[in-house]
Amino acid sequence: MSVYAAVDLGASSGRVMTARIDGERIDLTEVHRFANRPVRVGGTLHWDILALHRGVLDGLRAAGPVDSIGIDSWAVDYGLLDGAGRLIGNPVHYRDGRTAGVMERVVAELGADTLYQVGGLQFLPFNTVYQLLAEPGLDRAETLLMIPDLLTHWLTGSVGAEVTNASTTGLYDVRTGDWARDLAERLGLPAGILPELRRPGSPAGTLLADVAEETGLPGTTPVTAVASHDTASAVVAVPASTGRFAYISSGTWSLVGLELPKPVLTEESRLANFTNEGGLDGTIRYLRNVMGLWILQECMRTWGETDVAGLLDAAAQVPPFEAVIDPDDPAFLPPGDMPARIAAYCERTGQRPPQGRAQTVRCVLESLALAYRRTLRDAVRLSGQDVEVVHVVGGGARNALLCRMTAEATGLPVVAGPVEAAALGNALVQARAQGVVSDIRALVRQSEHLVTYMPEGGQEPWARAEERLPVR
(Lines give C-alpha, C1' and ligand atoms only; values in the text may rest on other atoms or scores of the structure.)
Protein backbone atom coordinates (compact mmCIF):
# COMPACT_ATOMS: atom_id res chain seq x y z
CA MET A 1 0.00 0.00 0.00
CA SER A 2 1.27 3.46 -0.94
CA VAL A 3 0.75 6.49 1.30
CA TYR A 4 0.64 10.10 0.16
CA ALA A 5 0.42 13.38 2.08
CA ALA A 6 -2.02 15.86 0.54
CA VAL A 7 -1.67 19.40 1.88
CA ASP A 8 -4.92 21.18 1.03
CA LEU A 9 -5.19 24.87 1.92
CA GLY A 10 -8.52 26.65 1.83
CA ALA A 11 -9.57 30.21 2.49
CA SER A 12 -10.46 29.55 6.14
CA SER A 13 -8.46 26.45 7.10
CA GLY A 14 -5.71 24.14 5.99
CA ARG A 15 -5.31 20.45 6.53
CA VAL A 16 -2.88 17.67 5.91
CA MET A 17 -4.45 14.39 4.86
CA THR A 18 -2.92 11.00 4.23
CA ALA A 19 -4.20 8.94 1.32
CA ARG A 20 -3.67 5.19 1.39
CA ILE A 21 -3.98 3.58 -2.02
CA ASP A 22 -3.92 -0.14 -2.72
CA GLY A 23 -4.70 0.09 -6.43
CA GLU A 24 -8.40 -0.65 -5.95
CA ARG A 25 -9.36 1.89 -3.31
CA ILE A 26 -8.20 5.17 -1.81
CA ASP A 27 -8.78 5.98 1.86
CA LEU A 28 -8.30 9.52 3.17
CA THR A 29 -7.50 10.39 6.77
CA GLU A 30 -7.21 13.90 8.13
CA VAL A 31 -4.14 13.99 10.35
CA HIS A 32 -3.94 17.72 11.08
CA ARG A 33 -6.18 20.74 10.61
CA PHE A 34 -5.21 24.33 11.29
CA ALA A 35 -6.84 27.72 10.98
CA ASN A 36 -6.13 30.10 8.13
CA ARG A 37 -6.79 33.52 9.65
CA PRO A 38 -6.00 36.60 7.58
CA VAL A 39 -4.44 39.52 9.44
CA ARG A 40 -5.03 43.21 8.73
CA VAL A 41 -1.94 45.33 9.29
CA GLY A 42 -1.63 49.00 8.40
CA GLY A 43 -4.89 48.84 6.49
CA THR A 44 -3.82 45.89 4.31
CA LEU A 45 -5.29 42.39 4.58
CA HIS A 46 -2.55 39.73 4.57
CA TRP A 47 -2.36 35.96 4.67
CA ASP A 48 -0.44 34.71 7.71
CA ILE A 49 1.88 32.64 5.53
CA LEU A 50 4.26 31.65 8.31
CA ALA A 51 1.38 30.24 10.34
CA LEU A 52 0.35 28.23 7.27
CA HIS A 53 3.90 26.93 6.87
CA ARG A 54 3.91 26.00 10.55
CA GLY A 55 0.65 24.12 10.04
CA VAL A 56 2.09 22.25 7.07
CA LEU A 57 5.16 21.19 9.06
CA ASP A 58 3.05 20.05 12.01
CA GLY A 59 0.80 18.11 9.67
CA LEU A 60 3.67 16.37 7.92
CA ARG A 61 5.08 15.35 11.29
CA ALA A 62 1.69 13.91 12.23
CA ALA A 63 1.44 12.11 8.88
CA GLY A 64 4.61 10.09 9.38
CA PRO A 65 6.56 8.48 6.53
CA VAL A 66 4.90 8.92 3.12
CA ASP A 67 5.76 8.10 -0.47
CA SER A 68 5.27 11.70 -1.63
CA ILE A 69 3.94 15.12 -0.59
CA GLY A 70 1.80 17.51 -2.66
CA ILE A 71 0.37 20.99 -1.95
CA ASP A 72 -2.71 22.69 -3.37
CA SER A 73 -4.37 25.97 -2.40
CA TRP A 74 -6.57 28.77 -3.66
CA ALA A 75 -5.42 30.71 -6.72
CA VAL A 76 -4.25 34.23 -7.69
CA ASP A 77 -2.25 35.09 -4.53
CA TYR A 78 1.53 34.96 -4.38
CA GLY A 79 4.72 35.71 -2.50
CA LEU A 80 7.69 37.67 -3.82
CA LEU A 81 11.29 36.66 -3.13
CA ASP A 82 14.28 38.98 -3.26
CA GLY A 83 17.67 38.11 -4.73
CA ALA A 84 18.65 36.21 -1.60
CA GLY A 85 15.48 34.10 -1.70
CA ARG A 86 13.85 35.95 1.20
CA LEU A 87 10.15 36.70 1.27
CA ILE A 88 9.33 40.37 0.67
CA GLY A 89 6.44 40.91 3.08
CA ASN A 90 3.46 38.69 3.87
CA PRO A 91 1.35 37.82 0.81
CA VAL A 92 -1.69 40.07 0.42
CA HIS A 93 -5.18 38.58 0.55
CA TYR A 94 -7.19 38.73 -2.68
CA ARG A 95 -10.08 40.38 -0.78
CA ASP A 96 -7.88 43.37 0.07
CA GLY A 97 -8.99 46.61 -1.56
CA ARG A 98 -5.65 47.57 -3.10
CA THR A 99 -6.69 46.59 -6.63
CA ALA A 100 -9.69 48.93 -6.76
CA GLY A 101 -9.77 50.49 -10.22
CA VAL A 102 -6.67 48.67 -11.51
CA MET A 103 -8.50 46.20 -13.75
CA GLU A 104 -10.56 48.98 -15.30
CA ARG A 105 -7.41 50.98 -16.05
CA VAL A 106 -5.65 48.02 -17.68
CA VAL A 107 -8.71 47.16 -19.77
CA ALA A 108 -8.93 50.78 -20.93
CA GLU A 109 -5.24 50.78 -21.90
CA LEU A 110 -4.91 47.41 -23.63
CA GLY A 111 -8.46 46.41 -24.43
CA ALA A 112 -10.46 43.58 -22.95
CA ASP A 113 -10.13 41.47 -26.08
CA THR A 114 -6.32 41.63 -26.01
CA LEU A 115 -6.23 40.42 -22.43
CA TYR A 116 -8.79 37.67 -23.08
CA GLN A 117 -7.06 36.36 -26.19
CA VAL A 118 -3.92 35.76 -24.13
CA GLY A 119 -5.09 34.66 -20.70
CA GLY A 120 -8.66 33.64 -21.45
CA LEU A 121 -9.58 34.68 -17.92
CA GLN A 122 -12.75 35.90 -16.31
CA PHE A 123 -12.34 39.59 -15.50
CA LEU A 124 -11.99 39.69 -11.73
CA PRO A 125 -10.41 42.63 -9.90
CA PHE A 126 -8.15 40.39 -7.78
CA ASN A 127 -6.49 38.44 -10.62
CA THR A 128 -2.74 38.25 -10.05
CA VAL A 129 -1.84 40.63 -12.84
CA TYR A 130 -3.86 43.43 -11.24
CA GLN A 131 -2.40 42.68 -7.82
CA LEU A 132 1.12 42.96 -9.24
CA LEU A 133 0.31 46.35 -10.72
CA ALA A 134 -0.68 47.48 -7.21
CA GLU A 135 2.37 45.84 -5.58
CA PRO A 136 4.70 48.27 -3.76
CA GLY A 137 7.51 45.69 -3.34
CA LEU A 138 7.84 44.74 -6.98
CA ASP A 139 11.04 46.71 -7.57
CA ARG A 140 12.89 44.44 -5.11
CA ALA A 141 11.46 41.16 -6.40
CA GLU A 142 13.50 38.51 -8.20
CA THR A 143 10.95 35.68 -8.16
CA LEU A 144 7.17 35.34 -8.00
CA LEU A 145 5.80 32.17 -6.43
CA MET A 146 2.12 31.31 -6.16
CA ILE A 147 1.10 30.18 -2.66
CA PRO A 148 1.55 26.39 -3.22
CA ASP A 149 4.84 27.03 -5.03
CA LEU A 150 6.06 29.22 -2.17
CA LEU A 151 5.33 26.54 0.42
CA THR A 152 6.90 23.90 -1.84
CA HIS A 153 9.97 26.13 -2.06
CA TRP A 154 10.21 26.28 1.71
CA LEU A 155 10.02 22.47 1.87
CA THR A 156 12.51 21.73 -0.89
CA GLY A 157 14.43 24.85 -1.87
CA SER A 158 13.29 24.39 -5.48
CA VAL A 159 11.71 27.15 -7.56
CA GLY A 160 8.95 26.63 -10.10
CA ALA A 161 5.41 27.55 -11.13
CA GLU A 162 2.83 24.79 -11.46
CA VAL A 163 0.67 25.47 -14.52
CA THR A 164 -2.86 25.15 -13.12
CA ASN A 165 -2.16 27.95 -10.67
CA ALA A 166 -0.03 29.92 -13.14
CA SER A 167 -3.00 29.88 -15.50
CA THR A 168 -4.99 32.03 -13.06
CA THR A 169 -2.50 34.91 -13.08
CA GLY A 170 -3.45 36.68 -16.32
CA LEU A 171 0.21 36.37 -17.34
CA TYR A 172 -0.06 32.84 -18.74
CA ASP A 173 -0.85 32.29 -22.41
CA VAL A 174 -3.63 29.71 -22.46
CA ARG A 175 -3.02 29.06 -26.18
CA THR A 176 0.69 28.22 -25.95
CA GLY A 177 0.86 26.86 -22.41
CA ASP A 178 3.70 29.24 -21.53
CA TRP A 179 4.16 32.58 -19.77
CA ALA A 180 2.91 35.60 -21.70
CA ARG A 181 6.15 37.53 -21.23
CA ASP A 182 5.32 40.04 -23.96
CA LEU A 183 2.12 40.98 -22.15
CA ALA A 184 4.00 41.39 -18.88
CA GLU A 185 6.45 43.75 -20.53
CA ARG A 186 3.64 45.77 -22.15
CA LEU A 187 2.17 46.24 -18.68
CA GLY A 188 5.52 47.32 -17.27
CA LEU A 189 5.86 44.17 -15.17
CA PRO A 190 9.26 42.44 -14.88
CA ALA A 191 8.86 39.19 -16.84
CA GLY A 192 12.05 37.88 -15.26
CA ILE A 193 10.24 37.17 -11.98
CA LEU A 194 8.16 34.44 -13.65
CA PRO A 195 9.79 31.07 -12.84
CA GLU A 196 10.02 27.92 -14.94
CA LEU A 197 6.70 26.15 -15.37
CA ARG A 198 5.91 22.70 -13.97
CA ARG A 199 3.20 20.27 -15.07
CA PRO A 200 1.08 18.29 -12.58
CA GLY A 201 2.95 15.12 -11.69
CA SER A 202 6.40 16.68 -12.12
CA PRO A 203 8.98 16.23 -9.35
CA ALA A 204 9.51 19.33 -7.21
CA GLY A 205 12.49 18.12 -5.17
CA THR A 206 13.07 16.42 -1.84
CA LEU A 207 12.95 17.77 1.69
CA LEU A 208 15.57 20.22 2.91
CA ALA A 209 17.63 19.03 5.86
CA ASP A 210 15.98 21.41 8.34
CA VAL A 211 12.51 20.44 7.12
CA ALA A 212 13.35 16.75 7.46
CA GLU A 213 14.55 17.37 11.02
CA GLU A 214 11.46 19.44 11.86
CA THR A 215 9.01 16.86 10.50
CA GLY A 216 10.86 13.66 11.35
CA LEU A 217 10.59 12.56 7.71
CA PRO A 218 13.49 11.22 5.64
CA GLY A 219 15.26 13.86 3.61
CA THR A 220 14.73 11.67 0.56
CA THR A 221 10.93 12.15 0.76
CA PRO A 222 9.84 13.51 -2.64
CA VAL A 223 7.56 16.49 -3.13
CA THR A 224 5.42 16.31 -6.27
CA ALA A 225 3.89 19.21 -8.16
CA VAL A 226 0.19 18.35 -8.18
CA ALA A 227 -2.65 20.28 -9.81
CA SER A 228 -1.89 22.98 -7.27
CA HIS A 229 -4.97 25.15 -7.81
CA ASP A 230 -7.43 23.51 -5.44
CA THR A 231 -10.19 23.65 -8.04
CA ALA A 232 -7.96 21.88 -10.54
CA SER A 233 -7.31 19.14 -7.98
CA ALA A 234 -11.03 18.94 -7.24
CA VAL A 235 -11.85 18.52 -10.93
CA VAL A 236 -9.26 15.73 -11.15
CA ALA A 237 -11.37 13.85 -8.58
CA VAL A 238 -14.74 14.37 -10.30
CA PRO A 239 -16.10 10.79 -10.51
CA ALA A 240 -17.39 11.18 -14.05
CA SER A 241 -17.96 8.13 -16.23
CA THR A 242 -18.74 10.20 -19.33
CA GLY A 243 -17.20 13.23 -20.96
CA ARG A 244 -20.57 14.98 -21.08
CA PHE A 245 -20.50 16.29 -17.54
CA ALA A 246 -20.47 19.63 -15.76
CA TYR A 247 -18.93 20.25 -12.36
CA ILE A 248 -19.55 22.59 -9.48
CA SER A 249 -16.65 22.81 -7.09
CA SER A 250 -18.67 24.10 -4.17
CA GLY A 251 -17.13 25.80 -1.19
CA THR A 252 -16.42 29.39 -0.20
CA TRP A 253 -16.51 29.98 -3.96
CA SER A 254 -18.48 27.98 -6.49
CA LEU A 255 -16.53 27.15 -9.63
CA VAL A 256 -19.07 26.12 -12.26
CA GLY A 257 -18.08 24.75 -15.61
CA LEU A 258 -16.93 22.06 -18.03
CA GLU A 259 -13.73 20.19 -18.82
CA LEU A 260 -12.67 20.89 -22.41
CA PRO A 261 -9.77 19.88 -24.66
CA LYS A 262 -9.03 23.46 -25.72
CA PRO A 263 -9.90 27.02 -24.64
CA VAL A 264 -12.91 29.00 -25.82
CA LEU A 265 -11.67 32.50 -26.66
CA THR A 266 -14.60 33.90 -28.61
CA GLU A 267 -15.99 37.36 -28.11
CA GLU A 268 -19.19 35.78 -26.78
CA SER A 269 -17.19 33.89 -24.17
CA ARG A 270 -15.41 37.06 -23.09
CA LEU A 271 -18.64 38.98 -22.78
CA ALA A 272 -20.10 36.13 -20.71
CA ASN A 273 -17.03 36.43 -18.44
CA PHE A 274 -15.96 32.79 -18.64
CA THR A 275 -12.46 31.74 -17.70
CA ASN A 276 -10.12 29.21 -19.33
CA GLU A 277 -7.80 27.73 -16.72
CA GLY A 278 -5.34 24.87 -16.95
CA GLY A 279 -6.24 21.36 -15.84
CA LEU A 280 -4.60 17.96 -15.69
CA ASP A 281 -3.04 16.64 -18.91
CA GLY A 282 -3.48 19.88 -20.80
CA THR A 283 -7.25 20.07 -20.34
CA ILE A 284 -9.04 23.38 -19.90
CA ARG A 285 -11.32 24.16 -16.98
CA TYR A 286 -13.87 26.31 -18.74
CA LEU A 287 -15.80 27.93 -15.93
CA ARG A 288 -17.18 30.99 -14.28
CA ASN A 289 -16.55 31.92 -10.67
CA VAL A 290 -19.83 32.22 -8.79
CA MET A 291 -19.91 33.60 -5.27
CA GLY A 292 -20.43 30.46 -3.23
CA LEU A 293 -21.17 29.47 0.33
CA TRP A 294 -19.18 32.52 1.43
CA ILE A 295 -22.49 34.40 1.61
CA LEU A 296 -24.00 31.81 3.96
CA GLN A 297 -20.77 31.63 5.96
CA GLU A 298 -20.78 35.39 6.48
CA CYS A 299 -24.45 35.32 7.49
CA MET A 300 -23.67 32.70 10.11
CA ARG A 301 -20.68 34.67 11.35
CA THR A 302 -22.82 37.78 11.69
CA TRP A 303 -25.49 35.83 13.59
CA GLY A 304 -22.96 34.01 15.78
CA GLU A 305 -24.59 30.80 14.53
CA THR A 306 -22.80 27.45 14.22
CA ASP A 307 -25.70 25.02 13.63
CA VAL A 308 -25.79 24.87 9.84
CA ALA A 309 -27.93 21.71 9.86
CA GLY A 310 -30.62 23.47 11.90
CA LEU A 311 -30.59 26.45 9.56
CA LEU A 312 -30.96 24.20 6.50
CA ASP A 313 -33.83 22.27 8.09
CA ALA A 314 -35.62 25.53 8.84
CA ALA A 315 -34.92 26.90 5.36
CA ALA A 316 -36.43 23.77 3.79
CA GLN A 317 -39.78 24.63 5.42
CA VAL A 318 -39.90 28.21 4.08
CA PRO A 319 -42.00 28.96 0.96
CA PRO A 320 -39.82 29.16 -2.16
CA PHE A 321 -38.72 32.27 -4.01
CA GLU A 322 -39.76 34.88 -1.46
CA ALA A 323 -36.67 36.82 -2.58
CA VAL A 324 -33.66 36.18 -4.80
CA ILE A 325 -30.32 37.94 -5.13
CA ASP A 326 -27.49 37.99 -7.64
CA PRO A 327 -24.68 36.29 -5.66
CA ASP A 328 -22.09 37.97 -7.89
CA ASP A 329 -23.19 41.50 -7.03
CA PRO A 330 -20.05 43.30 -5.76
CA ALA A 331 -21.84 44.08 -2.48
CA PHE A 332 -21.42 40.45 -1.42
CA LEU A 333 -17.64 40.17 -2.02
CA PRO A 334 -16.08 41.74 1.10
CA PRO A 335 -16.54 40.54 4.70
CA GLY A 336 -19.27 42.23 6.72
CA ASP A 337 -22.90 42.14 7.78
CA MET A 338 -24.20 39.89 5.01
CA PRO A 339 -27.83 39.67 6.18
CA ALA A 340 -28.05 43.48 6.07
CA ARG A 341 -26.55 43.51 2.57
CA ILE A 342 -29.07 40.92 1.40
CA ALA A 343 -31.90 43.02 2.81
CA ALA A 344 -30.51 46.14 1.16
CA TYR A 345 -30.22 44.35 -2.19
CA CYS A 346 -33.84 43.20 -1.96
CA GLU A 347 -35.06 46.70 -1.13
CA ARG A 348 -33.02 48.12 -4.01
CA THR A 349 -34.59 45.63 -6.44
CA GLY A 350 -38.18 46.05 -5.23
CA GLN A 351 -38.40 42.78 -3.28
CA ARG A 352 -39.48 42.19 0.29
CA PRO A 353 -36.35 41.40 2.32
CA PRO A 354 -36.13 37.98 4.00
CA GLN A 355 -37.84 37.90 7.38
CA GLY A 356 -35.55 36.02 9.74
CA ARG A 357 -32.75 33.53 9.40
CA ALA A 358 -34.62 30.70 7.67
CA GLN A 359 -35.85 32.97 4.87
CA THR A 360 -32.39 34.46 4.50
CA VAL A 361 -30.79 31.02 4.14
CA ARG A 362 -33.42 29.93 1.62
CA CYS A 363 -32.84 33.13 -0.34
CA VAL A 364 -29.09 32.47 -0.45
CA LEU A 365 -29.40 28.82 -1.54
CA GLU A 366 -32.06 29.43 -4.19
CA SER A 367 -29.99 32.30 -5.54
CA LEU A 368 -26.91 30.08 -5.78
CA ALA A 369 -28.93 27.41 -7.61
CA LEU A 370 -30.18 30.06 -10.03
CA ALA A 371 -26.61 31.22 -10.61
CA TYR A 372 -25.58 27.62 -11.35
CA ARG A 373 -28.52 27.28 -13.76
CA ARG A 374 -27.52 30.40 -15.68
CA THR A 375 -23.82 29.59 -15.72
CA LEU A 376 -24.23 26.01 -16.95
CA ARG A 377 -26.65 27.12 -19.66
CA ASP A 378 -24.07 29.67 -20.84
CA ALA A 379 -21.20 27.15 -20.68
CA VAL A 380 -23.07 24.68 -22.89
CA ARG A 381 -24.07 27.39 -25.36
CA LEU A 382 -20.59 28.90 -25.64
CA SER A 383 -18.60 25.65 -25.78
CA GLY A 384 -20.98 23.53 -27.82
CA GLN A 385 -20.52 20.66 -25.36
CA ASP A 386 -23.75 19.08 -24.11
CA VAL A 387 -24.16 18.03 -20.49
CA GLU A 388 -25.91 14.94 -19.13
CA VAL A 389 -25.06 15.18 -15.44
CA VAL A 390 -23.78 17.74 -12.92
CA HIS A 391 -21.15 16.67 -10.39
CA VAL A 392 -21.02 18.69 -7.16
CA VAL A 393 -17.73 18.23 -5.32
CA GLY A 394 -16.26 19.89 -2.25
CA GLY A 395 -17.93 20.97 0.96
CA GLY A 396 -21.16 21.94 -0.78
CA ALA A 397 -21.74 18.27 -1.64
CA ARG A 398 -22.83 17.85 2.00
CA ASN A 399 -25.56 20.47 1.56
CA ALA A 400 -28.47 18.27 0.50
CA LEU A 401 -30.86 21.22 0.19
CA LEU A 402 -28.55 23.08 -2.19
CA CYS A 403 -27.88 19.91 -4.23
CA ARG A 404 -31.60 19.23 -4.55
CA MET A 405 -32.23 22.84 -5.60
CA THR A 406 -29.42 22.58 -8.17
CA ALA A 407 -31.01 19.49 -9.74
CA GLU A 408 -34.37 21.27 -9.89
CA ALA A 409 -32.90 24.51 -11.25
CA THR A 410 -30.79 22.87 -13.97
CA GLY A 411 -33.18 20.05 -14.82
CA LEU A 412 -30.24 17.62 -14.65
CA PRO A 413 -29.25 14.80 -12.30
CA VAL A 414 -26.81 16.01 -9.65
CA VAL A 415 -24.22 13.61 -8.25
CA ALA A 416 -22.86 14.87 -4.93
CA GLY A 417 -19.39 13.86 -3.82
CA PRO A 418 -16.63 13.49 -3.05
CA VAL A 419 -16.51 16.11 -0.32
CA GLU A 420 -12.72 16.00 -0.07
CA ALA A 421 -12.26 16.29 -3.81
CA ALA A 422 -9.24 18.62 -3.75
CA ALA A 423 -7.28 16.40 -1.35
CA LEU A 424 -8.25 13.30 -3.36
CA GLY A 425 -7.14 14.86 -6.64
CA ASN A 426 -3.93 16.05 -5.00
CA ALA A 427 -3.06 12.54 -3.76
CA LEU A 428 -4.13 10.78 -6.94
CA VAL A 429 -1.88 12.92 -9.14
CA GLN A 430 1.00 11.95 -6.87
CA ALA A 431 0.04 8.28 -7.09
CA ARG A 432 -0.28 8.40 -10.87
CA ALA A 433 3.14 10.03 -11.14
CA GLN A 434 4.58 7.02 -9.30
CA GLY A 435 2.71 4.52 -11.46
CA VAL A 436 0.37 3.36 -8.68
CA VAL A 437 -2.85 4.58 -10.36
CA SER A 438 -3.84 4.78 -14.02
CA ASP A 439 -7.60 5.62 -14.15
CA ILE A 440 -8.07 8.28 -11.48
CA ARG A 441 -11.81 8.80 -11.88
CA ALA A 442 -12.60 5.07 -11.83
CA LEU A 443 -10.74 4.77 -8.53
CA VAL A 444 -12.76 7.67 -7.09
CA ARG A 445 -16.02 6.00 -8.15
CA GLN A 446 -14.92 2.76 -6.48
CA SER A 447 -13.89 4.48 -3.25
CA GLU A 448 -16.40 7.24 -2.55
CA HIS A 449 -20.01 7.29 -1.36
CA LEU A 450 -21.93 9.32 -3.94
CA VAL A 451 -25.50 10.63 -3.65
CA THR A 452 -27.65 11.32 -6.72
CA TYR A 453 -30.42 13.95 -6.76
CA MET A 454 -32.90 13.72 -9.62
CA PRO A 455 -34.70 16.83 -10.88
CA GLU A 456 -38.30 17.02 -9.69
CA GLY A 457 -40.93 19.46 -10.84
CA GLY A 458 -40.81 21.67 -13.87
CA GLN A 459 -38.49 24.52 -14.82
CA GLU A 460 -41.17 27.21 -14.86
CA PRO A 461 -40.81 28.37 -11.19
CA TRP A 462 -37.06 28.72 -11.66
CA ALA A 463 -37.50 30.56 -14.95
CA ARG A 464 -39.87 33.04 -13.28
CA ALA A 465 -37.46 33.57 -10.39
CA GLU A 466 -34.59 34.12 -12.85
CA GLU A 467 -36.53 36.96 -14.47
CA ARG A 468 -36.01 38.97 -11.28
CA LEU A 469 -32.23 38.90 -11.72
CA PRO A 470 -30.26 41.37 -13.84
CA VAL A 471 -29.60 40.35 -17.45
CA ARG A 472 -25.99 39.43 -18.11
Side-chain angles (χ1 to χ4, degrees), residues 231 234-251 253-261 264 269 272-275 279 283-293 312 315-316 320-321 324 326-328 362 364-419 421 441-442 444-445 448-469 472:
T231 306
V235 172
V236 166
V238 168
S241 56
T242 172
R244 295 158 67 101
F245 71 92
Y247 58 82
I248 301 173
S249 181
S250 178
W253 286 91
S254 292
L255 294 306
V256 183
L258 312 175
E259 185 176 73
L260 301 178
V264 180
S269 180
N273 216 12
F274 269 78
T275 203
T283 55
I284 294 296
R285 291 176 290 117
Y286 185 61
L287 60 89
R288 190 157 59 203
N289 282 40
V290 174
M291 196 75 72
L293 291 169
L312 295 177
F321 305 122
V324 293
D326 178 4
D328 295 319
R362 180 140 198 143
V364 170
L365 298 185
E366 286 178 337
S367 299
L368 288 177
L370 281 169
Y372 301 161
R373 166 190 165 93
R374 297 209 291 176
T375 301
L376 290 178
R377 186 176 62 228
D378 287 346
V380 168
R381 173 177 58 84
L382 294 166
S383 70
Q385 178 167 302
D386 289 335
V387 170
E388 298 173 338
V389 61
V390 178
H391 286 273
V392 176
V393 299
R398 289 195 187 102
N399 191 322
L401 182 57
L402 178 57
C403 291
R404 187 168 70 248
M405 289 177 174
T406 301
E408 294 171 356
T410 62
L412 293 167
V414 167
V415 178
V419 172
R441 285 176 172 155
V444 175
R445 291 195 300 273
E448 290 293 307
H449 174 66
L450 307 174
V451 180
T452 300
Y453 299 84
M454 298 302 294
E456 298 178 359
Q459 297 287 290
E460 186 176 348
W462 293 93
R464 288 199 304 268
E466 187 179 342
E467 290 174 357
R468 292 188 243 166
L469 297 174
R472 286 184 178 147

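Because only heavy atoms are used, hydrogens play no part in the values below, and waters and symmetry mates are left out as well, while side chains stay in. The first residue in the sequence is number 1, and the count goes up from there. Only a predicted model underlies this, so the values are computations on that prediction, with no experimental measurement involved.
Val390 places a side-chain heavy atom less than 4.5 Å from the side chain of Leu376. Proximity of Ile248 to Thr375: side-chain heavy atoms (C-beta onward) are nowhere separated by under 4.5 Å. Within the 4.5 Å cutoff, no side-chain heavy atoms of Glu448 are placed close to those of Pro239.
Residues passing the salt bridge (Lys or Arg N to Asp or Glu O under 4.0 Å) test with Asp328, sequence neighbours excluded: Arg472. Among residues two or more places apart in sequence or in another chain, the ring-ring contact (aromatic ring centres under 6.0 Å, His included) test is passed with Tyr372 by none.
The heavy-atom pair separating Leu401 from Leu312 by the smallest distance is CD2-O, 3.7 Å. Residues Leu469 and Asp326 share a closest heavy-atom pair of CD2-N, 3.8 Å.
A donor-acceptor pair under 3.5 Å links the side-chain atoms of Arg373 to the main chain of Ala409, judged by distance alone. No donor-acceptor pair under 3.5 Å is formed between the side chain of Arg362 and the backbone N or O of Phe321.
Between Phe274 and Tyr286, the ring planes are parallel. Angles under 30° get that label, and only those over 60° would be called perpendicular.
The CH2 atom of Trp253 lies 12.5 Å from the CG atom of Leu293; values are rounded to the nearest 0.5 Å. For the atom pair CG (Asn289) and OG1 (Thr231), the distance works out to 7.5 Å, reported to the nearest 0.5 Å.
Note on residues 393-413: no pairs pass side chain to side chain donor-acceptor pair (under 3.5 Å), not counting sequence neighbours.
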